[in-house]
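Along the sequence shown, residues are numbered consecutively beginning with 1. Keep in mind it's a predicted model, so treat the numbers as computed, not measured.
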Amino acid sequence: MEKKNLFQALGFGTALAIGLFTAVNLNAGTDTEQSNKLEALAKLTKTIAIVEKYYVDDLNFTAIVDKTIAGLMTNLDAHSSFLDQKAFKDMQIQTSGEFGGLGITVGMKDGALTVISPIDDTPAYKAGIKAGDVILRIDGNSTIGITIDEAVNKMRGKPKTPITITIVRKGEKKPFDINMQRDIITVESVVAKHIKDEDILYLRVTTFDQHVIDKAKEFIKKYPNVKGIVLDLRNNPGGLLNQAVGLVNLFVDKGTIVTQKGRSKSEDEAYNANPSQMITKAPLAVLVNGGSASASEIVSGALQDLKRAVVVGENTFGKGSVQVVMPIDNEEALRLTVARYYLPSSRTIQAVGVKPDVLVYPGKVPTEDDNGFNIKESDLKQHLESELDKIEPQKGGKKDESDKNIITKKEIYDDIQLKTAIDIIKVKNIK
């Protein structure tokens with residue numbers, strides 16, 4: 001390396017550092033702190049200048065700066081990132097509520113690209129992708145060292161185009177491939193069904209978009225006298241904070257729902273319940289699992305802390321940090337972690353999650369091993385009912401249990417977490 005060229009590079013770096021120092025904060029801190037900042041910025045800009053001049057491939061200055069910013073954001077935490085022109089545009093498309101992709105929410109956990117949850121009725125959901133799956137490869141390309149934004153960009157694409165995801169799953173001996181086709185992802189954020197035999201409302205919230213409060217309120221008012229409500233937040237990756245707060249407020253009339261604490265106390269904010277927004281006092285059970293993250297953890301944790309609901313299922317994902325998108329210009333932005341969420345009891349959910357009151361792993365409800373020979377009274381009753389239907393069909397020629405707004409007994413017994421939540425509500429109704 002020629003000394004003259006190196007010194008020229010270092011000189012350029014120092015000059016640029018002085019300019020950056022002025023732009024960053026000219027008057028902040030003591031003389032020593034200012035001197036330390038100047039030295040650090042000089043080191044950064046010298047490095048950029050050396051890479052520009054001597055790196056084996058020809059990189060323009062803008063590309064080097066972009067890589068520097070991306071590296072900085074990635075090393076802050078798993079959720080901060082640099083949104084270049086394409087990533088920023090993709091994010092704007094995603095927030096519009098309809099985009100081409102797989103219907104999968106991912107995050108970094110222990111340095112691995114991990115599925116937070118698949119979205120209901122999407123290619124990922126139909127293909128059997130599960131919360132906790134580690135994505136090892138995307139179309140044969142390793143995800144080691146990849147950022148979340150890079151991974152998302154690789155998984156998105158034109159509808160009906162194929163993609164292969166290589167999965168590492170707990171309990172499986174080796175990685176395996178899942179082949180899918182991308183599709184337009186539209187999300188129905190709130191689904192309601194009636195558990196008719198028990199007169200319980202089942203309320204499923206798949207994601208916290210801008211319609212959650214209104215839709216949940218509509219369904220709750222449609223069934224005003226039910227004996228209880230099961231709020232299903234399993235595989236819900238989160239969303240808008242105001243919708244999470246508002247959903248909790250439908251069930252409580254007082255107390256702090258969540259607190260946001262940042263670097264400065266002036267940035268702290270508490271979200272309190274508004275008494276006029278509560279619309280039901282019905283007994284409540286909340287279902288969660290490892291795919292419940294962010295806003296869904298705020299809802300389940302707040303209802304748990306406020307003694308309003310029994311939380312059933314598995315430990316949640318543990319994402320309790322706040323990200324905001326800060327535009328650099330019209331085409332690029334930073335997604336930056338600026339605060340953490342704290343539940344009413346002042347506990348954090350970051351990297352810890354919400355622990356259920358009743359731990360229940362997924363599966364079917366255990367039944368007696370009758371080897372297929374033991375005929376029960378319920379079997380005879382169901383047979384009799386089916387024979388009567390042949391003689392006198394129900395109005396419209398359709399059974400109540402086939403109604404899409406009704407949860408059948410089979411669905412309940414195929415889901416032990418749901419069955420447990422229903423049983424808890426039944427117990428709470430015993431006077």
Side-chain angles (χ1 to χ4, degrees), residues 90 93-107 114-133 135 138 151-152 155-165 167 169 177-195 201-212 214-216 218-219 222 230-240 243 247 286-296 299 313-314 316-317 362-364 398 401-408 410-415 417-418 421:
D90 287 343
I93 291 172
Q94 181 181 3
T95 55
S96 68
E98 187 175 282
F99 53 93
L102 304 178
I104 186 173
T105 304
V106 295
T114 305
V115 175
I116 296 176
S117 68
I119 300 171
D120 288 0
D121 298 322
T122 61
Y125 179 87
K126 293 173 183 176
I129 289 180
K130 298 180 179 181
D133 284 349
I135 299 176
I138 301 172
V152 169
M155 289 187 285
R156 288 204 188 117
K158 292 182 179 180
K160 307 306 178 186
T161 56
I163 184 173
T164 300
I165 304 294
I167 294 294
R169 179 175 293 167
D177 290 342
I178 295 180
N179 299 308
M180 292 172 280
Q181 280 195 334
R182 298 176 177 89
D183 204 350
I184 295 296
I185 306 301
T186 55
V187 180
E188 187 69 30
S189 57
V190 183
V191 176
K193 294 186 178 183
H194 189 210
I195 305 172
L201 174 62
Y202 170 82
L203 205 60
R204 168 96 172 105
V205 181
T206 61
T207 185
F208 283 91
D209 66 11
Q210 60 186 343
H211 306 295
V212 167
D214 291 339
K215 288 184 176 179
E218 175 188 336
F219 288 129
K222 184 177 178 180
V230 175
L231 178 61
D232 191 349
L233 300 178
R234 291 175 294 183
N235 294 328
N236 182 322
L240 300 174
Q243 295 294 309
L247 182 62
V286 181
L287 290 171
V288 295
N289 65 4
S292 307
S294 193
S296 56
V299 172
E314 302 163 272
T316 62
F317 185 80
K364 294 185 178 182
K398 193 175 184 180
E401 282 200 338
S402 66
D403 192 318
K404 67 178 182 179
N405 296 320
I406 301 293
I407 291 185
T408 66
K410 181 180 185 306
E411 289 174 317
I412 293 172
Y413 277 85
D414 281 346
D415 186 347
Q417 293 174 331
L418 174 59

Residues I167, I135; criterion side chain to side chain contact (heavy atoms under 4.5 Å, CB included); working and verdict:
CA-CA 5 Å; I167 294 294; I135 299 176; 4.0 Å; yes
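The main-chain N or O of L233 is found under 3.5 Å from a side-chain atom of S292 such that the two form a donor-acceptor pair. Proximity of a side-chain donor or acceptor of N236 to a complementary backbone N or O of V205 within less than 3.5 Å is detected. When atom types are taken as modelled, the side chain of T105 and the backbone of P118 share no donor-acceptor pair closer than 3.5 angstrom. Not a single donor-acceptor pair under 3.5 Å links the side chain of R234 to the backbone N or O of G291.
Atoms OG and CG, from S294 and L240 in turn, are 10.0 Å apart once rounded to the nearest 0.5 Å. Once rounded to the nearest 0.5 Å, the distance linking CD1 of I129 with CD1 of I104 reads 4.0 Å. Atom CG in D232 sits 9.0 Å away from atom CG in L203 (nearest 0.5 Å). Rounded to the nearest 0.5 Å, atoms NZ (K215) and CG (D209) are 6.0 Å apart. For the atom pair CZ (R169) and CG (D133), the distance works out to 4.0 Å, reported to the nearest 0.5 Å. Rounded to the nearest 0.5 Å, atoms CG (D414) and NZ (K364) are 5.0 Å apart.
Scanning both residues, N289 and N235, for their nearest heavy atoms gives OD1-N, 3.0 Å. The two atoms that bring E188 and V191 nearest to each other are CG-CG2, 4.1 Å, heavy atoms only. Nearest approach of P162 to R182, heavy atoms of both residues: O-NH1, 3.2 Å. Heavy atoms only, all atoms of each residue included: L287 and A421 are closest at CD2-CB, 3.9 Å. Across all their heavy atoms, I116 and A131 have their closest contact at O-CB, 3.2 Å. For the pair Q181 and K160, the tightest heavy-atom approach, listed with the atom from each and the gap, is NE2-O, 3.4 Å.
Using a 4.5 Å heavy-atom threshold, the side chains of I165 and M155 count as touching. Side-chain contact between H211 and V190: absent, with no pair of heavy atoms (C-beta onward) separated by less than 4.5 Å. The side-chain heavy atoms of L231 and V299, taken from C-beta on, include a pair separated by under 4.5 Å.
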Under 3.5 Å, which donor-acceptor pairs link side chains of residues 121-128 to any protein atom two or more places apart or in another chain?
unit_1, atom_1, unit_2, atom_2, d
T122, OG1, L102, O, 3.4
T122, OG1, G103, O, 3.2
T122, OG1, I119, O, 2.6

